[in-house]
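Structure, as structure tokens:
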Protein chains: 2
Amino acid sequence: MLDEPVYVAVDVVCLTLQAETIVLMVRRSHEPFLGAWSLPGGSVRRDEDLEEAARRILSEGLGPHQPRHLEQLASFGAPNRDPRGRVVSVSYLALLPKPVEPQSAAQWWPVSAPPELAFDHGRILVSAIERLRGKLSYSNVAYGLLPEEFTLSELQAVYEAVLDRAIDKRNFRKKVLSLEMLEEAEGQRRGSHRPAQLYRFTAPGLVLLDDVITA
Amino acid sequence: MLDEPVYVAVDVVCLTLQAETIVLMVRRSHEPFLGAWSLPGGSVRRDEDLEEAARRILSEGLGPHQPRHLEQLASFGAPNRDPRGRVVSVSYLALLPKPVEPQSAAQWWPVSAPPELAFDHGRILVSAIERLRGKLSYSNVAYGLLPEEFTLSELQAVYEAVLDRAIDKRNFRKKVLSLEMLEEAEGQRRGSHRPAQLYRFTAPGLVLLDDVITA
DNA sequence: CCAAAAGTGTTCTCTGTACACCCATGT
DNA sequence: ACATGGGTGTACAGAGAACACTTTTGG
């Protein structure tokens, strides 16, 4: 039953916001696709869980920064997806609150205009965006793209950037506050304008909502 | 980069309805977990895609019957999840319109009271049910549990069995007909009662809805 | 005083929900 | 005739969506 070992790789779609949604890519230093851009990826080691592998691979592109959110996307295993042989790739979605400075071979790209990608990484990127868009409406997954404390405008900016559409401020506030997933934090965010109340999510980590954020 | 080959298995959660939701299990004929029940599973072959492997493995439990719907669930890769060594399992959800007669080592079990399962298959089963429940509301995935043509009562029975709650008949009909995902078929279903109009889904395969079925 | 973002309510429409009876057939 | 599931409409309440002005700060 256990014949036919294959290689298992993990590829990570690491997203954050900088006005628009951006994604971390690395330039390949080996064949195949030498010099092309690809998602950060690598083989799973014998003693590590898939999610551990995703964190290790991500740290090769980002240094010691941990993602705020990390979840599995899907696995891709077409027999010829890698010219070197049989490689099954398990993809992960990672979310960061800010674009940290990437390591040398890595670079941030806008999701709206990514480079040509090696392997089937274009498809993986598309599936990551779709997952994130869907999950915004029925979960608090936006926490992955925000610092611990944030203003309602910053939260709304996450929704607007990912969904790529404007949202009414009053309706959005009414809705998210009614969901009881936020609580007021101590301070205010100051700038050259009226200070903004800070909030945080009541529960740590991912929470699926009964209700749906439509606003 | 491509060190450390591991074994890749596919495990299939095959569901159908028979009054309640039931799931296909096979009795293991080898160690580990000899004699225990498990999901139908097996190694991926060198030349087959993951989904092909799922179909092949499913046919070992079901014979030549094809599932109406097949989709990937998630991958599980804890280093010690299989005592024989490093095995990454890619799980699939398969849906059938009717419980076909299983092959010798296979048997249908009610999802509400499954047997003790080998490996981490209990977790995989739970994640399959959750996926199906969620997807009923925002897709036409119920087609996988129905024949090509079906009555509105049969469609409603799918929702009631999977969600495990009663649904109002008038509201349900109003809602699903308003979604324009159904069209009338030619015949009627007859029985010792008024004949029922047959319907079919307008589009073949899975369609994600803009709207949500709440009824 | 000006610019910038924060904050706040009301109205209307639409959708979800609750609810009960007659209809067509088979036996 | 009776049992069985098929099929239908209305009224109410709650949620989504549209919409504009005042407030507070920094410069």
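In what follows, every chain begins at residue 1, and chains take the letters A, B, ... in the order their sequences are listed. Computation of the quantities below employed the complete heavy-atom set of this structure, encompassing side-chain atoms and omitting hydrogens, waters and symmetry-equivalent molecules.
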Might you work through the salt bridge (Lys or Arg N to Asp or Glu O under 4.0 Å) test for Asp211(A) and Lys175(A), ending with a clear yes or no? CA-CA 10 Å; Asp211(A) 207 338; Lys175(A) 184 66 190 178; 3.0 Å; yes

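The side chain of Ser192(A) contributes no N or O atom lying less than 4.0 Å from OP1 or OP2 of dA5(C). For dA15(D), neither phosphate oxygen OP1 nor OP2 lies less than 4.0 angstrom from any side-chain nitrogen or oxygen of Thr214(A). The side chain of Arg170(B) contributes no N or O atom lying less than 4.0 Å from OP1 or OP2 of dG9(D). An OP1 or OP2 oxygen of dT8(D) is reached within less than 4.0 angstrom by no side-chain nitrogen or oxygen of Lys169(B). Lys175(B) has a side-chain polar atom (N or O) that falls below the 4.0 Å cut-off from OP1 or OP2 of dG16(C).
Rounded to whole Å, atom C1' of dA17(D) lies 16 Å from atom CD1 of Ile213(A). Here the P atom of nucleotide dA11(D) and the CG atom of Asn171(B) are 15 Å apart, to the nearest Å. To the nearest angstrom, C1' of dG6(D) lies 14 Å from CG of Asp168(B). In this structure, the CD atom of Glu184(A) is 12 Å from the C1' atom of dG7(C), given to the nearest Å.
Residue Lys174(A) places its side chain closer to dG9(C) than to any other of dT23(D), dG7(D), dG9(C).
Note: Phe172(B) and Tyr159(B) meet the aromatic proximity criterion, with ring centroids under 6.0 Å apart.
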